[in-house]
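Below is one structure; the comments refer to it alone.
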Amino acid sequence: MPIHICSTCGTSYPDSPEPPAHCRICEDERQFVPASGQAWTTPEKLASGRVNAWRLLETDLFEIHTQPQFAIGQRALLLRTAQGNILWDCIALLDDATEALIRGLGGLSAIAISHPHYYTCMQDWARRFDCPVHLHAADSEWIMRPDPALRQWHGETLEIVQGVTLLRLGGHFPGGTVLHWAAGAEERGAILSGDILQVAADLNRVAFLWSYPNMMPLSAATVRRIADTMAAWKFDRIYGAFPGRQVTSGGARAVEQSAGRFIELLKSYQA
Ligand SMILES: [Zn+2]
Ligand SMILES: [Zn+2]
């Protein structure tokens with residue numbers, strides 16, 4: 001029996017003769033069911049029509065992106081460290097070429113994921129590379145395929161290897177997490193941000209939303225708390241969820257200025 005993958009969000013559901021009736025992730029107000037209705041695919045079908053493209057973003061950081069684009073269209077990032085490779089965020093397609101290339105780079109020591117929209121086929125990646133997946137426990141209700149490899153962490157920070165720390169920011173999801181890489185950006189520090197700080201079309205701005213496809217804001221208090229949390233960390237570069245979306249330098253200033261403008265707009269309502 002195949003596992004089933006939602007064609008809109010990429011979330012995988014347990015193997016069963018027929019696909020589930022619903023995708024809970026897409027029926028949540030932060031996502032959407034397309035007008036054409038709920039659709040499903042399988043790993044085999046996905047691999048037959050698509051490939052993963054690789055790009056070196058800076059020393060020790062690769063982007064892996066499925067082409068033609070699938071579901072939400074996010075990239076996964078492969079971060080190399082002296083203590084092993086870490087996959088940041090996940091994508092549904094794990095084909096033989098991707099597996100062989102990652103094995104050639106030394107395999108994976110851990111997977112960490114920003115929020116449930118990118119859980120995708122994390123269980124299959126974890127089994128293939130025999131590594132744990134770090135998820136924030138505040139989002140456990142969105143795990144659709146329980147697996148022994150999934151490790152739920154609690155609290156505000158988790159250092160997974162030296163110089164690589166998960167920071168819980170919340171916002172888009174209560175357990176929304178970014179990854180701080182101290183050695184990134186030539187030792188100035190980098191943030192891998194997923195959708196939690198969303199790098200905007202103006203590459204000197206980030207956005208803080210409850211729902212991106214449905215364009216729903218967070219509260220001013222939440223935006224302030226996120227910016228204050230980030231202010232305690234040293235970083236200069238931000239890698240967002242999508243290809244081409246990175247704040248190359250001045251990342252800390254971009255977060256603070258973007259948050260200030262968001263709060264100004266959110267508070268500007270006049271009755
Ligand atoms: Zn879905
Ligand atoms: Zn999201």
Side-chain angles (χ1 to χ4, degrees), residues 2-16 18-43 45-46 50 65-66 69-77 87-93 111-124 133-136 138-145 166-179 191-201 206-219 222-223 226 238-243 245-246 258 262:
I3 63 163
H4 301 282
I5 300 172
C6 173
S7 298
T8 308
C9 71
T11 302
S12 62
Y13 287 75
D15 53 344
S16 58
E18 297 296 326
H22 304 275
C23 174
R24 272 188 57 205
I25 297 278
C26 284
E27 292 187 357
D28 174 64
E29 70 174 3
R30 284 163 285 194
Q31 255 284 118
F32 62 97
V33 178
S36 53
Q38 177 65 45
W40 301 95
T41 189
T42 64
K45 285 184 199 160
L46 191 57
R50 288 178 170 82
H65 186 238
T66 302
Q69 183 172 303
F70 175 68
I72 294 172
Q74 78 276 10
R75 57 185 174 184
L77 299 176
L87 188 78
W88 169 250
D89 279 337
C90 201
I91 53 177
L93 176 59
I111 299 169
I113 303 184
S114 59
H115 73 295
H117 290 153
Y118 301 156
Y119 287 177
T120 59
C121 295
M122 59 183 174
Q123 301 86 350
D124 306 300
V133 184
H134 298 289
L135 306 176
H136 199 282
D139 295 334
S140 60
E141 67 179 295
W142 300 105
I143 295 170
M144 299 297 145
R145 279 171 71 202
L166 304 181
L167 319 177
R168 188 189 77 91
L169 298 185
H172 180 44
F173 273 82
T177 296
V178 299
L179 182 151
I191 295 288
L192 316 189
S193 71
D195 285 1
I196 308 307
L197 307 170
Q198 185 78 271
V199 176
V206 296
F208 316 82
L209 295 185
W210 171 250
S211 169
Y212 292 93
N214 297 324
M215 296 181 272
M216 300 165 74
L218 294 169
S219 71
T222 300
V223 174
I226 289 172
I238 307 171
Y239 290 99
F242 301 102
R245 292 296 178 99
Q246 42 259 351
S258 299
F262 258 72

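Given the structure is predicted, the values throughout are model-derived calculations rather than measurements. Order of listing sets the numbers, starting from 1, for every ligand and every atom in it.
To the nearest 0.5 angstrom, Asn214 atom CG is 8.0 Å from Phe32 atom CZ.
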Side chain to side chain contact (heavy atoms under 4.5 Å, CB included), that's the test. Do Ile91 and Gln74 meet it? Break it down for me.
CA-CA 7 Å; Ile91 53 177; Gln74 78 276 10; 4.2 Å; yes
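Applying the side-chain contact (heavy atoms from CB on, under 4.5 Å) rule to Arg30 yields the partners Asp28, His117, Trp142, His172, Phe173, Pro174, Trp210, Ser211; only residues at least two apart in sequence or on another chain are considered. Every residue two or more places apart in sequence or in another chain that forms a side-chain hydrogen bond (donor to acceptor under 3.5 Å, both in side chains) with Asp195 is listed here: His115, Tyr118, Gln198. Residues passing the side-chain contact (heavy atoms from CB on, under 4.5 Å) test with Pro14, sequence neighbours excluded: Arg145.
Around the Zn ion (ligand 2), the protein contributes the following N, O or S atoms at distances under 2.8 Å: His115 NE2, His117 ND1, His172 NE2, Asp195 OD2.
For Glu141, the CD atom counts as densely surrounded, since its 6.0 Å shell holds more than 12 non-hydrogen atoms of other residues, nucleotides or ligands.
Vertex the Zn ion (ligand 1), arms ending at SG of Cys26 and SG of Cys9: the angle is 110° after rounding to 10 degrees. One finds an angle of 110° at the Zn ion (ligand 1) between SG on Cys23 and SG on Cys6, to the nearest 10 degrees.
Two residues are said to be in side-chain contact when any heavy atoms from C-beta on lie closer than 4.5 Å; Tyr119 and Asp139 meet this criterion.
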